[in-house]
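Worksheet: one structure, shown below.
Position 1 is the first residue of the sequence, and the numbers go up from there.
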Amino acid sequence: MKYWTALLALSMALPLVPAHADKGGEQGEVRREREAGNVRSLRDIERQIVPRMSGMQYLGPEYDPAAMAYRLKFIDKGKVYFVDVDARTGRVLSQTR
């Protein structure tokens, strides 16, 4: 019983922060850059790249704010492939095959 009382007291002492309060991180950075007109939207990049990767399953994106680049991940027959795309221009920077 002491354990549950201590756990309850501890949980009540922790500050409550809404999930949407974190404006940082990868998503926050790309959102700020997109709103400033510095990068293309992920949807534009996906419309350009995903059709080129025919037969592969699209796993999703990552954004590198330092490089201002998207990394799109695909899988085919158990092997993962990456396509790095300049977020400003949409130009393919590199592709693993």
Side-chain angles (χ1 to χ4, degrees):
M1 187 69 167
K2 283 186 190 181
Y3 173 77
W4 293 110
T5 305
L7 187 59
L8 178 61
L10 179 62
S11 68
M12 292 174 63
L14 296 174
L16 295 177
V17 179
H20 66 277
D22 180 17
K23 299 287 186 191
E26 182 181 297
Q27 288 182 345
E29 181 68 26
V30 74
R31 184 178 305 112
R32 283 188 293 280
E33 292 291 346
R34 191 180 68 246
E35 288 171 355
N38 297 331
V39 299
R40 293 177 53 188
S41 76
L42 174 60
R43 300 301 165 234
D44 286 345
I45 300 294
E46 288 172 333
R47 277 193 291 272
Q48 172 188 334
I49 302 300
V50 173
R52 295 182 188 179
M53 307 301 285
S54 63
M56 295 188 181
Q57 179 183 353
Y58 179 48
L59 298 176
E62 290 180 9
Y63 178 69
D64 181 347
M68 293 183 81
Y70 292 104
R71 171 168 273 188
L72 280 59
K73 296 177 281 185
F74 298 86
I75 192 167
D76 183 43
K77 298 178 184 129
K79 185 170 180 188
V80 177
Y81 297 87
F82 300 100
V83 180
D84 296 328
V85 181
D86 186 310
R88 294 163 287 205
T89 65
R91 185 175 65 87
V92 174
L93 301 171
S94 66
Q95 181 173 341
T96 61
R97 276 228 169 222

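- Applying the salt bridge (Lys or Arg N to Asp or Glu O under 4.0 Å) criterion to D76, with sequence neighbours excluded, gives no partner residue.
- Contact between A69 and L93 at its shortest, heavy atoms only, is CB-CD1, 4.1 Å.
- Among all heavy-atom pairs drawn from R40 and Q48, the shortest one is NH1-OE1, 3.3 Å.
- Looking at every heavy atom in both residues, E46 comes nearest to P51 through O-CD, 3.7 Å.
- Annotation: salt bridge (Lys or Arg N to Asp or Glu O under 4.0 Å) contacts of R47 (sequence neighbours excluded): D44.
- The salt bridge (Lys or Arg N to Asp or Glu O under 4.0 Å) test applied to R91 returns no partner, not counting sequence neighbours.
- Residues in residues 72-97 take part in these ring-ring contact (aromatic ring centres under 6.0 Å, His included) pairs, two or more places apart or across chains: Y58-F74.
- Remark: K79 NZ to M56 CE distance equals 9.0 Å, nearest 0.5 Å.
- Applying the side-chain contact (heavy atoms from CB on, under 4.5 Å) criterion to I75, with sequence neighbours excluded, gives Q57, L59, V80.
- Residues forming a salt bridge (Lys or Arg N to Asp or Glu O under 4.0 Å) with R52 (at least two apart in sequence, or on another chain): none.
- With contacts defined as side-chain heavy-atom distances shorter than 4.5 Å, the pair V39/M68 qualifies.
- Contact record, Y63 with A87: CE1-CB, 3.9 Å, taken as the closest heavy-atom pair.
- In this structure, CG in N38 is found 12.0 Å from CZ in R32, a value given to the nearest 0.5 Å.
- With V92 as the fixed residue, the side-chain contact (heavy atoms from CB on, under 4.5 Å) test singles out one of D84, I45, I49: I49.
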